[in-house]
Amino acid sequence: ATAFGVVGWKNGKRQILTVRNGLPCDSIHALISDDQGDLWLYAQCGLIEVAEAELQRWWKRPESRLKLRVFDVSDGVQPGRGHFNTSTRTPDGRLWFANGSVLQMIDPNHMAGNTLAPPVHIEAIVADRKSYLPQEGLSLPPLTRDLEIEYTALSFVVPQKALFRYMLEGHDADWQEPGTRRQAFYNNLRPGHYRFRMIACNNDGMWTSTPAVWRFVILPAYYQTLWFKAALWTTAVMLLWLFYLYRLRQISAEIHSRFNVRQRERERIARELHDTLLQGFQGLVLRFQAVLNRIPEDDPLRASVRNALLRADEVLIEGRDRVREIRSEASRDLPNLLGSFGHSQASESTSFQLFLEGTVVALKPLICSEVYRIAREALTNAFRHASASQIEAELIYDRAQFTLRIRDNGTGIDKQTASGGRLGHWGLQGMRERANLSGGKLSIWSRPSAGTEVELVIPGKLAYAESGPSDKVSWWKRVIWRRR
């Protein structure tokens, strides 16, 4: 027994039993074992019993916290230091302890234990310095910051040694052990439903089997309610949506501006071609016609010049057609143009079908031109390379977007070709560039021996010359042009 704990030796190994192992104090005056092998410590803070089982557990695990039985001043113990060996055991099993003024005795074989578990009771509630009775289902006001719960246990033997445990379900993850304190404190609890449970033990460690329970509710402030949070989320989503619409309008205006610039440039080029190249070419044709008129009918040169003039007329007509295309207005002729081209490419072994869905609406001139060129390129690839028996084109006029689909049941293409195109060929790359310039998205799906599908999607605000298809309800019309 030392002033810094109990020092023990066993098989050459030294261990020290201190407050870290559960002792109420380190200053030990004397120690002695009883007839059962339990160790009794006469300490500055009282008389401590260490059961044999706990002592063996300490030998195996020096860091263990032991379960002890403590007798202090409240039990009648008068601790103090003596001037000699102050502990002994008499043949009847009694233990005697002495200090400088008092001789004390305890009989371990005839100790009456307190086997009655103490009833527990919740006495009062204090929330933000306002007292409440612990009524079941009590509703506390919103924004309650400080909550104090007062409780007690009825133990008349040594009430000072009653120990408590409590748990606030909805907040605490495990039992809280405040020792002998008879209040529980909580701060800044969130709104919601709670259940407070509390148990206690007497001076001999008998715990209550039935806890005291109190249920209560902390009401939410208006900004803590679900409807307010839902309103915030809704507002945030609406703001994001408005920002999206704003950005979409900015992008649409930018694309419209680019389209207008391109359209003006096309019209300027068309004027220049018509006023210079075509007019000059027409003048040359007229001069050659005058020369032809002077050549005799039987001259072989007359036939050659006539054939050259006929070819010149064809070139002039083709040039005028190109100028007309450049200056084209909003057109509803895309289905006719696409159908005519598809039917011209069809053969006995390859059929072509055109599907229309929705009400046909005029596309903007540049959009119509780009869509037609993309469709022609896709149809040309299908007819030339797919070895398909059936090729279909589909035009979908929807208010939100315009969609073009070209599909076939041919041999398909590999992923590398679909994503990057074939080396030395620029068809797929040109289709993607035209789609990007139109503000649309081009997608290609294909698998070997499973056919190919090309899809072009353009937002309605960018595609249509007007506000879009007028049928507000999705009543679809389908027209099938078929040629086998």
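Since we're looking at a predicted model, the values are computed, not measured.
- A pairwise comparison of heavy atoms in I406 and A393 identifies CD1-CB, 3.5 Å as the closest pair.
- When all heavy atoms of P118 and S155 are compared, the pair lying nearest together is CB-CB, 4.1 Å.
- Judged purely by atom type and a 3.5 angstrom limit, S340 has no side-chain atom pairing as donor or acceptor with the backbone of L337.
- Side chains of I458 and L404 form no contact here, defined as non-hydrogen atoms less than 4.5 Å apart.
- At least one side-chain heavy atom of L219 sits under 4.5 Å from a side-chain heavy atom of V217.
- Side chains of Q135 and L133 form a contact here, defined as non-hydrogen atoms less than 4.5 Å apart.
- Annotation: the span from I149 atom CD1 to E123 atom CD amounts to 12.5 Å, rounded to 0.5 Å.
- Proximity of a side-chain donor or acceptor of T350 to a complementary backbone N or O of S347 within less than 3.5 Å is not detected.
- Residues I444 and T452 are in side-chain contact: their nearest non-hydrogen atoms beyond the backbone lie under 4.5 Å apart.
- Across all non-hydrogen atoms, the minimal contact from L116 to N202 is O-ND2, 2.9 Å.
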Residue pair E150, R182: steps toward the salt bridge (charged side-chain N to carboxylate O under 4.0 Å, His left out) verdict: CA-CA 6 Å; E150 299 179 359; R182 299 175 182 241; over 6 Å; no
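- Minimum heavy-atom separation, Y132 to A127: CE1-CB, 3.7 Å.
- Using a 4.5 Å cut-off on side-chain heavy atoms (C-beta onward), E357 and E394 make contact.
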Derivation and outcome, side chain to side chain contact (heavy atoms under 4.5 Å, CB included), residues L23 and L68: CA-CA 8 Å; L23 292 182; L68 309 174; 3.7 Å; yes
L338 vs L379, side chain to side chain contact (heavy atoms under 4.5 Å, CB included): CA-CA, chis, key distance, verdict: CA-CA 9 Å; L338 197 57; L379 288 175; 3.7 Å; yes
Side chain to side chain contact (heavy atoms under 4.5 Å, CB included) assessment of R373 paired with R434: CA-CA 8 Å; R373 283 167 171 76; R434 291 183 184 277; 3.2 Å; yes
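- Looking only at distances, a side-chain donor or acceptor of N21 sits under 3.5 Å from a matching main-chain atom of T18.
- Open room surrounds CZ on R249; 12 or fewer heavy atoms of other groups in view lie less than 6.0 Å from it.
- A donor and an acceptor atom, one from each side chain of R432 and Q429, are nowhere located under 3.5 Å apart.
- The aromatic ring centres of F216 and W214 sit less than 6.0 Å apart.
- In this structure, the separation between CG on L284 and CD on Q289 is 13.0 Å, given to the nearest 0.5 Å.
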Working for side-chain hydrogen bond (donor to acceptor under 3.5 Å, both in side chains), residues D172 and Y186: CA-CA 10 Å; D172 294 332; Y186 291 96; 2.5 Å; yes
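- The shortest non-hydrogen separation linking A200 to F164 is CB-CD2, 3.6 Å.
- Checked against the 6.0 Å centroid criterion, the rings of H171 and Y194 do not qualify as a close aromatic pair.
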Verdict with supporting geometry, L245 and W241, side chain to side chain contact (heavy atoms under 4.5 Å, CB included): CA-CA 6 Å; L245 293 179; W241 177 251; 3.3 Å; yes
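- Looking at heavy atoms from C-beta onward, L395 lies out of side-chain contact with F355 at the 4.5 angstrom threshold.
- Closest of all the heavy-atom pairs between G412 and S446 is CA-OG, 3.3 Å.
- When atom types are taken as modelled, the side chain of R302 and the backbone of L292 share a donor-acceptor pair closer than 3.5 angstrom.
- Using modelled atom types, no side-chain atom of H385 and backbone atom of N381 make a donor-acceptor pair closer than 3.5 Å.
- Judged by the 6.0 Å and 45° rule, R407 forms no cation-pi pair with W445.
- Summarising the geometry, atom OH belonging to Y151 is positioned 14.0 Å from atom NE2 belonging to H121; distances are rounded to the nearest 0.5 Å.
- Annotation: F402 is in aromatic contact with Y397 [ring centroid separation under 6.0 Å].
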Worked check of side-chain hydrogen bond (donor to acceptor under 3.5 Å, both in side chains) between E54 and Q56: CA-CA 5 Å; E54 292 296 300; Q56 295 303 321; over 6 Å; no
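- Using a distance-only test at 3.5 Å, with no hydrogens or angles considered, no donor-acceptor pair links the side chain of D146 to the main chain of R129.
- In this structure, NE2 in H343 is found 5.5 Å from CZ in F352, a value given to the nearest 0.5 Å.
- Checked by atom type and distance alone, the side chain of D204 never pairs as donor or acceptor with a backbone atom of M206 at under 3.5 Å.
- Under a 3.5 Å cut-off, the side chain of Q15 and the backbone N or O of W58 do form a donor-acceptor pair.
- The backbone N or O of I367 lies less than 3.5 Å from no partner atom in the side chain of S438, so there is not a single donor-acceptor pair.
- For R181 and Y166, the side-chain atoms include at least one donor-acceptor pair closer than 3.5 Å.
- Between V371 and L334, some side-chain heavy-atom pair lies under the 4.5 Å cut-off.
- S389 and N409 are linked by a side-chain donor-acceptor pair at a separation below 3.5 angstrom, with hydrogens and angles left out of the test.
- Within 6.0 Å of CZ on R195 lie more than 12 heavy atoms contributed by other residues, nucleotides or ligands.
- Salt-bridge formation is detected for the pair R197/E169: a Lys NZ or Arg NE/NH1/NH2 atom is positioned less than 4.0 Å from an Asp or Glu carboxylate oxygen.
- To the nearest 0.5 Å, atom CD1 of residue I199 and atom OG1 of residue T208 are 6.5 Å apart.
- Q390 is listed as a side-chain neighbour of S351, based on a closest heavy-atom distance under 4.5 Å.
- Judged by distance alone, the side chain of D299 and the main-chain N or O of I295 form no donor-acceptor pair under 3.5 Å.
- For the atom pair CG (N187) and OG1 (T144), the distance works out to 11.5 Å, reported to the nearest 0.5 Å.
- Side-chain atoms of R376 and T380 form no donor-acceptor pair, as typed in the model, at a separation below 3.5 Å.
- The local environment of CG in L240 is crowded, with over 12 non-hydrogen atoms from other residues, nucleotides or ligands closer than 6.0 Å.
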